[in-house]
Number of protein chains: 2
Amino acid sequence: MSESNSVSPSNPERSTAYSPLYQQIKVLLLKSLDQGEWKPGEAIPSELDLAARFQVSQGTVRKAIDELAADNLLIRRQGKGTFVSTHNEAKVRYRFLRLTPDDGHQPTTSSEIIGFSRLKAPAAIAGLLALRTVDTVINIQRVLSFDDKPTILDNIWLPANVFKGLSSEAVNQNREPLYAWFEGEYGVSMLRADESVRAVAADAEAARRLHVSQGTPLLQVERVAYTYGERPMEVRQGLYITDHFHYRNSLN
Amino acid sequence: MSESNSVSPSNPERSTAYSPLYQQIKVLLLKSLDQGEWKPGEAIPSELDLAARFQVSQGTVRKAIDELAADNLLIRRQGKGTFVSTHNEAKVRYRFLRLTPDDGHQPTTSSEIIGFSRLKAPAAIAGLLALRTVDTVINIQRVLSFDDKPTILDNIWLPANVFKGLSSEAVNQNREPLYAWFEGEYGVSMLRADESVRAVAADAEAARRLHVSQGTPLLQVERVAYTYGERPMEVRQGLYITDHFHYRNSLN
DNA sequence: TAGTGGTCTAGACCACTAA
DNA sequence: TAGTGGTCTAGACCACTAC
């Protein structure tokens with residue numbers, strides 16, 4: 001583990017690229033996070049330790065950490081330290097799920113796996129996952145129920161070369177939220193996602209799985225989730241019943 | 001214009017409330033913004049001027065401004081100054097509209113007002129706007145077309161006591177985006193909004209207005225928009241056609 | 001050239017946590 | 001009490017804009 005992470009404060013030959021010190025520190029921190037030097041849920045070194053390691057002032061490290069914390073990659077806890085984000089804490093499980101009950105109450109959730117297969121990536125999926133159509137993907141289908149009522153039909157696509165050894169049995173035995181499971185079992189941290197939302201009519205399959213009539217309006221949510229380096233790691237299409245739930249969003 | 005905006009760095013009697021200096025500065029800046037001391041699009045005083053005015057260091061003012069800029073209330077422009085946000089710039093018009101063409105191209109937009117009335121606030125609207133049911137609200141209905149194809153049916157509710165003098169003629173003559181118009185004409189800045197999204201079936205009215213068959217799945221977007229101090233200033237229900245457009249969202 | 005925001009430092013002190 | 005992140009200061013210098 002070489003520790004020669006020094007940085008030159010002012011680079012005299014700035015051909016085209018000038019980047020402030022704290023941005024360079026941020027890149028170094030991201031590299032360590034991506035490489036797993038500190039795992040989800042663990043503390044990273046203190047600001048003073050990092051300042052010594054990178055040969056900069058505490059304030060500069062602070063600004064780098066501030067930005068990573070603003071992006072939810074790190075979590076600061078006064079008096080305790082700075083920790084790597086995780087999907088595995090009660091408070092932030094289902095962090096990416098925007099579907100919310102119309103009344104405030106917290107529903108019980110359960111998941112049933114209804115499909116699992118490996119196949120060559122369909123063109124559309126390959127494009128979104130930055131794969132070729134000769135690469136293998138894993139397809140998982142499941143139904144999420146809230147208070148025992150089927151509410152979400154998910155169709156999930158993962159790159160097989162990353163999720164090595166993921167099997168039908170494994171996914172059936174897993175009881176954690178998927179993203180928490182991915183962190184612990186496959187070392188994949190989902191950091192960010194883009195969603196496209198539409199209204200569609202339930203087809204025969206969706207109607208059967210969600211116990212609604214064919215043609216019922218459903219919310220279709222297409223998600224691409226990314227890990228470090230903006231690398232896409234999951235494509236997911238969800239069909240949501242929205243008669244007693246809504247997709248919430250905040251604009252600013 | 002009294003200028004006695006001083007602040008005591010450390011309050012010895014912190015009964016329960018401790019708030020850092022930069023937070024107190026932030027509150028003072030918000031008050032000035034709310035009171036219109038600096039209008040949308042205008043520059044606020046320089047950091048050094050504000051530091052002198054509030055008797056704190058530049059760094060403390062900076063941190064207060066940083067947070068306001070992160071909330072999109074202010075915009076920093078290096079070398080020029082810090083400016084009050086506005087919906088009236090080409091770059092950020094339709095800042096709150098998440099509906100996006102599936103292909104990337106930028107459609108032409110047009111708006112047709114199809115309804116205007118004043119009435120006592122219905123209970124549901126009164127609740128969302130923090131009004132009583134004896135208060136008057138303004139209701140505007142319109143159709144937004146993209147590339148001359150009707151795509152959004154909007155039903156908008158405004159508190160009449162704030163939007164004084166808003167008339168059917170005025171709203172018909174206005175050519176700006178609504179929120180830009182509200183800023184200039186009524187001094188109301190829309191800073192933030194919450195949205196609830198659902199899939200619904202087009203009723204007879206929506207079908208007629210949007211040129212689709214009754215029962216067509218539509219995206220229903222319910223929005224509450226807020227100005228300074230989290231005061232709700234608009235309730236809006238939009239029905240979106242999403243066959244060639246989608247509601248985009250980023251999660252992190 | 002002057003004025004603005006942006007970066008970086010060094011040091012002091014405060015608030016919070018845990019032993 | 002020691003260690004962490006959080007606040008605040010004063011000052012130097014850099015990058016960008018406009019005149």
Side-chain angles (χ1 to χ4, degrees), chain A residues 5-29 38 41-70 72-85, chain B residues 5-29 38 41-70 72-85:
Chain A
N5 282 322
S6 180
V7 163
S8 56
S10 70
N11 185 347
E13 41 175 337
R14 55 178 62 80
S15 51
T16 46
Y18 159 73
S19 139
L21 249 184
Y22 75 89
Q23 289 285 5
Q24 303 176 38
I25 304 300
K26 194 177 161 185
V27 168
L28 293 175
L29 291 174
W38 315 299
E42 293 179 3
I44 69 171
S46 77
E47 295 178 351
L48 283 173
D49 285 352
L50 290 169
R53 163 165 166 181
F54 296 131
Q55 304 272 14
V56 299
S57 77
Q58 184 192 11
T60 300
V61 170
R62 252 191 98 67
K63 180 136 187 176
I65 293 179
D66 277 344
E67 293 207 349
L68 295 172
N72 287 318
L73 302 202
L74 296 175
I75 299 176
R76 319 191 73 139
R77 297 206 184 103
Q78 191 175 8
K80 300 176 76 172
T82 300
F83 297 78
V84 182
S85 287
Chain B
N5 283 324
S6 181
V7 163
S8 55
S10 70
N11 187 344
E13 41 174 338
R14 50 178 66 81
S15 51
T16 49
Y18 158 73
S19 139
L21 249 185
Y22 76 88
Q23 289 284 6
Q24 303 176 38
I25 305 299
K26 194 176 163 187
V27 168
L28 294 175
L29 291 174
W38 316 299
E42 292 179 4
I44 70 171
S46 77
E47 296 178 350
L48 284 172
D49 286 353
L50 290 169
R53 166 165 163 181
F54 296 131
Q55 304 271 19
V56 300
S57 77
Q58 184 193 10
T60 300
V61 170
R62 254 192 97 66
K63 180 136 188 176
I65 292 178
D66 276 346
E67 293 208 347
L68 295 172
N72 287 319
L73 303 201
L74 297 175
I75 299 176
R76 320 191 74 137
R77 298 206 184 102
Q78 191 176 7
K80 300 175 76 172
T82 299
F83 298 79
V84 183
S85 287

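Atom set for the values below is all heavy atoms of this structure, side chains included, hydrogens, waters and symmetry mates excluded. What you see is a predicted model; the values in this text were computed from it and never measured. By convention in this document, chain letters (A, B, ...) are assigned in the order of the sequence lines, proteins followed by strands, and residues within each chain are numbered from 1.
Distance CZ/B/Arg53 to CG/B/Leu48: 14.5 Å, rounded to 0.5 Å. From A/Leu50, atom CG reaches atom CD of A/Gln55 across 12.5 Å, with rounding to the nearest 0.5 Å. Rounded to the nearest 0.5 angstrom, A/Lys63 NZ and A/Thr60 OG1 are separated by 9.5 Å. The distance from the CZ atom of B/Phe54 to the CG atom of B/Leu29 is 4.5 Å, given to the nearest 0.5 Å. Here the CG atom belonging to B/Leu73 is positioned 16.0 Å from the CZ atom belonging to B/Phe83, to the nearest 0.5 angstrom.
In this structure, the CG atom of A/Asp49 is 14 Å from the C1' atom of D/dA2, given to the nearest Å. For the pair A/Leu21 CG and C/dT7 P, the computed distance is 11 Å after rounding to whole Å. Rounded to an integer number of Å, the gap from A/Asp66 CG to D/dG5 C1' is 10 Å. Atoms OH (A/Tyr18) and P (D/dC13) sit 15 Å apart, rounded to a whole Å. The separation between B/Leu48 atom CG and D/dC13 atom P is 16 Å, rounded to whole Å. Across the protein-nucleic acid pair, A/Gln55 atom CD and C/dC8 atom P stand 15 Å apart, rounded to whole Å. Regarding A/Leu50, its CG atom lies at a distance of 17 Å from the P atom of D/dG3, rounded to whole Å. Put simply, CD on B/Gln23 is 8 Å from P on D/dT7, counting in whole angstrom units.
Under the side chain to side chain donor-acceptor pair (under 3.5 Å) criterion, B/Lys26 pairs with B/Glu67, not counting sequence neighbours. Listed by chain and residue number, nothing satisfies the side chain to side chain donor-acceptor pair (under 3.5 Å) test with B/Ser85 (two or more places apart in sequence, or in another chain). With sequence neighbours left out, A/Thr82 forms a side chain to side chain contact (heavy atoms under 4.5 Å, CB included) with A/Ile44, A/Ile65, A/Leu74, A/Arg76. Residues forming a side chain to side chain donor-acceptor pair (under 3.5 Å) with B/Gln23 (at least two apart in sequence, or on another chain): none.
In the set C/dG6, D/dG5, D/dT7, C/dG6 carries the atom at the smallest distance from any side-chain atom of B/Arg62. Set against D/dG6, C/dT9, D/dC8, the side chain of A/Arg76 has D/dG6 as its closest nucleotide.
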Tabulate atom names and distances for all N/O pairs under 3.5 angstrom spanning the protein and nucleotides 10-12 of chain D.
none

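Nearest-nucleotide positions on DNA chain D for A/Gln78 and B/Thr60 put A/Gln78 closer to the 5' end. Both A/Gly79 and A/Val61 lie near DNA chain C, and the one whose nearest nucleotide falls closer to the 5' end is A/Val61.
Among the atoms of the strands shown, only primed sugar atoms or phosphate atoms (P, OP1, OP2) are found under 4.0 Å from some heavy atom of B/Arg77.
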*Which dot-bracket notation, 5' to 3', represents the base pairing of DNA chain D when pairs are defined as Watson-Crick or G-U with both distances under 3.5 Å, crossing pairs as [ ], and inter-strand pairs as |?*
||||||||||||||||||.
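Side chain of B/Gln24 to backbone of B/Ser19: a donor-acceptor contact under 3.5 angstrom is found.
Within the structure, a side-chain polar atom (N or O) of B/Lys63 is placed less than 4.0 Å from OP1 or OP2 of D/dT7. For C/dA18, one of the phosphate oxygens OP1 or OP2 lies less than 4.0 angstrom from a side-chain nitrogen or oxygen of A/Lys80.
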